[in-house]
Chemist: 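My questions all concern the structure below.
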Amino acid sequence: MTKRHTSFDLVQKDYKTPVFFLSHGGPTFMYPKTDFGGDTGAFNKTKSIGKYIRNILNPDFLIVVSAHWQSNLKDTVEIAVPNLLQMDNKLDASENELIYDFYGFPSDMYKEQFHSLSCMDLANTIKQTLTENGIKAKLTQRGIDHGVWVPFKPAFTEPNAADSGNLDVPFPLVQVSLAGSDDFDIQFKLGQVLGNFRDKNGVIVCSGMSVHNLGDIGASLQYPKQVVPYAFGFNEVLRNLFKKPSELQSFKTILTNEESKKLYLKSHPSAEHFLPLVVAGGAGEKEEVEELYNNETFSLGWGIYRFGDEPKL
């Protein structure tokens with residue numbers, strides 16, 4: 001049982017919110033129709049999840065973990081806080097700045113906006129809760145990367161809409177890094193600790209890809225349907241994994257089973273796009289997992305999952 005830190009004014013609820021894992025594709029995923037880097041079905045499902053979060057769950061805050069921020073400090077988790085002195089393209093000093101961490105795309109994509117507020121009290125509470133549960137944690141002045149704001153544009157804004165000049169989400173959003181390790185144990189524990197915020201009307205969203213091997217995109221063109229075979233194979237591994245409630249040992253069997261390990265290493269030559277799924281598994285430990293959507297394109301897998309049931313509100 002992990003400890004709960006309650007110095008921040010969090011209200012205990014009699015239900016827990018579900019945890020979501022999104023496959024976010026490339027930066028072009030923010031657009032409803034794109035030839036590369038997106039998937040129409042994933043776009044539409046992400047949009048429906050956003051509507052559900054906003055209109056049904058109506059959370060007090062969002063905690064987001066993205067593949068595009070893993071701490072470079074060993075076994076440490078970082079919590080993003082905004083630069084209060086930087087006001088460019090911001091509506092408020094506490095707004096999360098956007099990190100345009102993608103390269104070689106049309107210039108208009110670097111003008112895209114997504115407006116959300118951070119919350120220093122919440123960031124400090126997350127830090128304290130992690131520390132109390134044995135995970136080294138620190139606050140880091142940083143914006144939110146495209147693994148957060150790109151999928152959140154279809155989730156919480158209208159497609160191709162001009163910058164409204166208003167907040168795109170009415171609740172605070174705090175990004176938390178992956179731990180500085182590729183070990184599944186600490187990422188799962190990170191999720192367990194963040195899971196404490198689910199019964200405080202916070203929603204946890206983790207963003208990565210179920211299959212992510214950019215190096216094989218060219219090779220995929222030679223296969224039927226222009227999809228590498230291991231993308232189908234590893235998505236099926238996850239499908240079987242999630243036939244039972246989320247457990248750390250289930251994730252670890254991916255690496256101990258020879259065939260699933262082979263598929264994993266092909267699907268994720270580097271771990272960062274898979275680790276958010278392990279975090280989501282920790283946050284939804286011992287709860288049912290539902291695959292809300294999946295598809296395979298090129299050398300990418302588009303699994304979208306919910307951990308935990310939808311509460312009766």
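Only this structure's heavy atoms are used, side chains among them; waters, hydrogens and symmetry mates stay out. Please read all numbers here as calculations on a predicted model, not as lab measurements.
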Chemist: Less than 4.0 Å between a side-chain N and a carboxylate O, is that true for Arg142 and Asp145?
Modeler: yes
Chemist: Could you go step by step and tell me if Asn201 and Val11 meet the side chain to side chain contact (heavy atoms under 4.5 Å, CB included) rule?
Modeler: CA-CA 8 Å; Asn201 205 36; Val11 179; over 6 Å; no
Chemist: Do the two ring centres, one from Phe29 and one from His24, sit under 6.0 Å apart?
Modeler: no
Chemist: Give a yes-or-no answer on whether the side chains of Glu285 and Ser246 include a donor-acceptor pair shorter than 3.5 Å.
Modeler: no
Chemist: Which value, rounded to the nearest 0.5 Å, describes the distance between Ser299 atom OG and Gln226 atom CD?
Modeler: 11.5 Å
Chemist: Does any part of the side chain of Met87, heavy atoms only, come nearer than 4.5 Å to the side chain of Glu95, both counted from C-beta?
Modeler: no
Chemist: State whether the side chain of Gln175 and the backbone N or O of Val65 hold a donor-acceptor pair below 3.5 Å, judged by distance alone.
Modeler: no
Chemist: Are the side chains of Ser207 and Pro276 in touch, meaning some heavy atoms are under 4.5 Å apart?
Modeler: no
Chemist: Please determine whether residues Leu98 and Trp69 belong to a single hydrophobic cluster, defined as Ile, Leu, Val, Met, Phe, Trp and Tyr linked transitively by side-chain heavy-atom distances below 4.5 Å.
Modeler: no
Chemist: Output, in order, the C-alpha distance, side-chain angles, deciding distance and verdict of ring-ring contact (aromatic ring centres under 6.0 Å, His included) for Phe156 and Trp149.
Modeler: CA-CA 10 Å; Phe156 297 112; Trp149 66 265; over 10 Å; no
Chemist: Test Thr17 against Phe197 for side chain to side chain contact (heavy atoms under 4.5 Å, CB included), laying out the working first.
Modeler: CA-CA 9 Å; Thr17 59; Phe197 293 91; over 6 Å; no
Chemist: Hey, is the main chain of Ile304 close enough, under 3.5 Å, to the side chain of Asn294 for a donor-acceptor pair?
Modeler: no
Chemist: Check whether any side-chain heavy atom of Phe274 sits under 4.5 Å from a side-chain heavy atom of Phe251, and report yes or no.
Modeler: yes
Chemist: What is the distance from atom CZ of Arg306 to atom CG of Leu292, rounded to the nearest 0.5 Å?
Modeler: 5.5 Å
Chemist: Apply salt bridge (Lys or Arg N to Asp or Glu O under 4.0 Å) to the pair Lys262 and Glu259, showing each step before the final yes or no.
Modeler: CA-CA 5 Å; Lys262 182 178 178 181; Glu259 183 59 28; 5.2 Å; no
Chemist: Are there over 12 heavy-atom neighbours, none belonging to Glu258, within less than 6.0 Å of that residue's CD?
Modeler: no
Chemist: Drop me the distance from Leu91's CG to Leu117's CG, to the nearest 0.5 angstrom.
Modeler: 8.0 Å
Chemist: Does one side chain, of His115 or Asn96, offer a donor that lies under 3.5 Å from an acceptor on the other?
Modeler: no
Chemist: Is it true that Lys138 and Thr140 share a donor-acceptor pair across their side chains at a distance under 3.5 Å?
Modeler: yes
Chemist: Show the numbers, then the answer: is there a side chain to side chain contact (heavy atoms under 4.5 Å, CB included) between Ser23 and Phe21?
Modeler: CA-CA 7 Å; Ser23 284; Phe21 174 86; 3.7 Å; yes
Chemist: Short question: side chain of Arg198, backbone of Lys200 - any donor-acceptor pair under 3.5 Å?
Modeler: no
Chemist: Starting at OG1 of Thr131, measure out to CD1 of Ile126 and round the result to the nearest 0.5 Å.
Modeler: 11.5 Å
Chemist: Are Phe242 and Tyr305 close enough that their ring centers fall under 6.0 Å?
Modeler: yes
Chemist: To check you understand the geometry: which heavy-atom pair defines the closest contact between Ile53 and Pro59, and what is its length?
Modeler: O-CD, 3.1 Å
Chemist: Any idea which heavy atoms bring Thr253 and Ser260 closest together, and the distance?
Modeler: O-OG, 3.5 Å
Chemist: May I ask you to decide if Asn133's main-chain N or O and Lys189's side chain share a donor-acceptor pair within less than 3.5 Å?
Modeler: yes
Chemist: Quick one: sort the Tyr110 and Tyr100 rings into parallel, tilted or perpendicular, breaks at 30° and 60°.
Modeler: tilted
Chemist: Would a 4.5 Å heavy-atom cut-off, applied to side chains only, mark Val227 and Phe232 as touching?
Modeler: yes
Chemist: Would a distance-only check, ignoring hydrogens and angles, find a side-chain to backbone donor-acceptor pair under 3.5 Å from Ser210 to Gly301?
Modeler: yes
Chemist: With side chain to side chain contact (heavy atoms under 4.5 Å, CB included) as the criterion, how do Thr28 and Met109 come out once you've worked through the C-alpha distance, each side chain's angles and the decisive distance to 0.1 Å?
Modeler: CA-CA 8 Å; Thr28 53; Met109 294 180 65; 3.9 Å; yes
Chemist: Side chains of Leu57 and Leu313: does their closest heavy-atom pair fall under 4.5 Å?
Modeler: yes
Chemist: Would you find a donor on one side and an acceptor on the other, under 3.5 Å apart, between the side chain of Asp216 and the backbone of Ala219?
Modeler: no
Chemist: Would you call Lys252 and Asp185 a salt bridge, taking side-chain N to carboxylate O under 4.0 Å as the test?
Modeler: yes
Chemist: Any side-chain heavy atom of Val19 within less than 4.5 Å of one from Leu194?
Modeler: no
Chemist: Kindly assign one of parallel, tilted or perpendicular to the pair Tyr52 and Phe20, based on the angle between their ring planes and the thresholds 30° and 60°.
Modeler: perpendicular
Chemist: Would you check if Thr297 and Trp302 make a side-chain contact, meaning some heavy-atom pair closer than 4.5 Å?
Modeler: yes
Chemist: What distance separates Ser177 OG from His68 NE2, expressed to the nearest 0.5 Å?
Modeler: 14.0 Å
Chemist: For side-chain hydrogen bond (donor to acceptor under 3.5 Å, both in side chains), just list the numbers for Glu78 and Ser71, CA-CA rounded to whole Å, side-chain angles, deciding distance to a tenth of an Å, and then say yes or no.
Modeler: CA-CA 6 Å; Glu78 300 179 59; Ser71 178; 2.7 Å; yes
Chemist: Between the main-chain N or O of Leu263 and the side-chain N or O of Ser267, is there a donor-acceptor pair closer than 3.5 Å?
Modeler: yes
Chemist: Counting only N and O atoms by type, is there a donor-acceptor contact under 3.5 Å from the side chain of Asp199 to the main-chain atoms of Tyr15?
Modeler: no
Chemist: Under a 3.5 Å distance rule, please check whether Lys16 uses its side chain to pair with a backbone N or O of Asp309 as donor and acceptor.
Modeler: no
Chemist: For a quick test of reading the model, state the closest non-hydrogen atom pair linking Val203 to Pro18 and the distance between them.
Modeler: CG1-O, 4.2 Å
Chemist: So, Asp182 versus Gln70: side-chain donor-acceptor pair below 3.5 Å or not?
Modeler: yes
Chemist: Are side-chain N/O atoms of Tyr293 and Asp39 paired as donor and acceptor at under 3.5 Å?
Modeler: yes
Chemist: Using 0.5 Å steps for rounding, measure from the CG atom of Leu22 to the OG atom of Ser66.
Modeler: 10.5 Å
Chemist: Are side-chain heavy atoms of Glu158 and Lys47 found at a separation under 4.5 Å?
Modeler: yes
Chemist: Taking atom types as modelled and ignoring hydrogens, do the side chains of Asn235 and Glu291 form a donor-acceptor contact shorter than 3.5 angstrom?
Modeler: no
Chemist: Please test Glu112 against Lys153 for salt bridge (Lys or Arg N to Asp or Glu O under 4.0 Å), starting from the C-alpha separation and ending with a verdict.
Modeler: CA-CA 9 Å; Glu112 292 282 358; Lys153 281 184 74 69; 3.4 Å; yes
Chemist: Sub-3.5 Å donor-acceptor pair from the side chain of Gln187 to the main-chain atoms of Ala179, do we have one?
Modeler: yes
Chemist: If the test is ring-ring contact (aromatic ring centres under 6.0 Å, His included), which one of His212, His273, His268 qualifies with Phe234?
Modeler: His268
